[in-house]
Amino acid sequence: MPELPEVETVRRQLLSAFQGDRIESVQAGNDSLFQNCTAEAFSRRLSGKSLKEISRVGKYLIFDCEDIYPVFHLGMSGIFLQDAGKSHYPQHIHLQFRMASGKALYYQDVRRFGKIWLHHQPPEFKHLGIDPVSGELRLGELRRLLSSRSANIKLFLMDQQSLTDIANIYASEILFEALISPFRKTDTLSGREVLALYSSIKNILYQAIDKFGTTYSAYQTVEGESGQNQNFLRVYQRHGQPCWWCAEPIRKVVLGNRSTFYCPNCQK
DNA sequence: TCTGACCTGCGA
DNA sequence: TCGCAGGTCAGA
């Protein structure tokens, strides 16, 4: 499940492997992934273009291919692979790029929640909030966002209008490290708690990027490897196991239709 | 603001 | 066989 650190890992690995390379041909097989063009048009328009740059806005990956900008959202299970032989689900490979260098790039999406667009100019994402791993998120800005409304803190962290969507695994981990209950309201946090939350957002997300993301189910890096961050999670999927700090069993509840993991003793 | 649908693999 | 996993968005 590619969340923000996984998407950033993918971006860095794609750039490292393919920046400057020219797309010789594209085979696209599944029209349902394409939001504003057909698979055939996607293939035709990208063939012959060079991959100059890849940027990320939230969980969107924007490829700069000269005068055309394919945009990918990986959804729940979208991954890029250099080697189709490392795919665990080759029947779900929907896109295949052949590059002038002789390399190949495959897009696999088991659940097909991913989305692909083709733009003629760099797209804007006005509906997205601040990227939490950019330098744009400062303590004062987080304090302003938290106090501007009275929302559940877990849902706030998963709301892409505020912080470009930190997503489920990391929202639980961030609240655990900050010792803040997932049931709290955003406008009830003390100055000390806001500071703890701010530090925790940075720590947890940068650690996840450093560990090449978290692998559950279908996620693999571009090189076909698993992420390493699942070995460092302290509450996610650990319900019933003792808390890292106090040994109280970790609990699981559903908030906003998503599983939420927390320590009822440490998180106030 | 909340809920359900989309989708497929996996484990109970 | 059924429920769960979860990002996003439309609709209630």
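Predicted model only: the values in this text are computed from it and were never measured. Here is how names work: the chains are called A, B, and so on, in the same order as the sequence lines, proteins then strands, and each is numbered from 1.
Here B:dC10 presents its C1' atom at 12 Å from NE2 of A:H92, a figure rounded to the nearest Å. Computed from coordinates, the A:N257 CG to C:dA5 C1' distance equals 12 Å when rounded to whole Å. Computed from coordinates, the A:L74 CG to B:dC7 P distance equals 18 Å when rounded to whole Å. Taking atom CD1 on A:I116 and atom C1' on C:dG7, their separation rounds to 15 Å, with Å as the unit. Counting to the nearest Å, the C1' atom of B:dC10 and the CE atom of A:M76 are 13 Å from each other. For the pair A:H239 NE2 and C:dC4 P, the computed distance is 12 Å after rounding to whole Å. Residue A:Y170 contributes atom OH, which lies 14 Å from atom C1' of C:dG7 at whole-angstrom precision. Straight-line distance from the CZ atom of A:R258 to the P atom of B:dA5: 14 Å, rounded to whole Å.
Distance CG/A:L179 to CH2/A:W245: 7.5 Å, rounded to 0.5 Å.
If you look at A:Y106 and A:F80, their ring centroids are not closer than 6.0 Å. For A:F261 and A:F176, the distance between ring centers is not under 6.0 angstrom.
Side chain of A:N168 to main chain of A:S259: a donor-acceptor pair is present (N/O by atom type, distance under 3.5 Å, no hydrogens or angles). The main-chain N or O of A:K185 is never found under 3.5 Å from a side-chain atom of A:N152 such that the two would form a donor-acceptor pair.
Within 4.0 Å of A:Q35, counting heavy atoms only, lies no atom of the nucleic acid at all.
Comparing C:dG7, B:dC2, B:dG9 by their nearest atom to the side chain of A:L155 picks out B:dC2. The side chain of A:R111 lies closest to C:dA5 when the candidates are C:dA5, B:dG9, C:dT8. For A:V110, whose side chain is taken as the heavy atoms from C-beta onward, the closest listed nucleotide among B:dC2, B:dG4, B:dG9 is B:dG9.
Note on A:Q237: every side-chain N or O is 4.0 Å or more away from OP1 and OP2 of C:dA5. Between A:S77 and B:dC7 there is no side-chain N or O to OP1 or OP2 distance below 4.0 Å. The side chain of A:K252 places an N or O atom within less than 4.0 Å of a non-bridging phosphate oxygen (OP1 or OP2) of C:dA5.
Partners of A:H73 under the ring pair (Phe, Tyr, Trp, His ring centres under 6.0 Å) rule, at least two apart in sequence or in another chain, are A:Y60.
Both thresholds, 5.5 Å between centres and 30° between ring planes, are not jointly met by A:F113 relative to the base of C:dT8, so the two rings are not stacked.
Screening residues 230-248 of chain A for salt bridge (charged side-chain N to carboxylate O under 4.0 Å, His left out), with sequence neighbours left out, gives A:E177-A:R234.
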Would you list the protein and nucleotides 9-12 of chain C atom pairs, both N or O, that sit under 3.5 Å from each other?
residue, atom, partner, partner atom, Å
C:dC9, OP2, A:Q160, NE2, 3.3

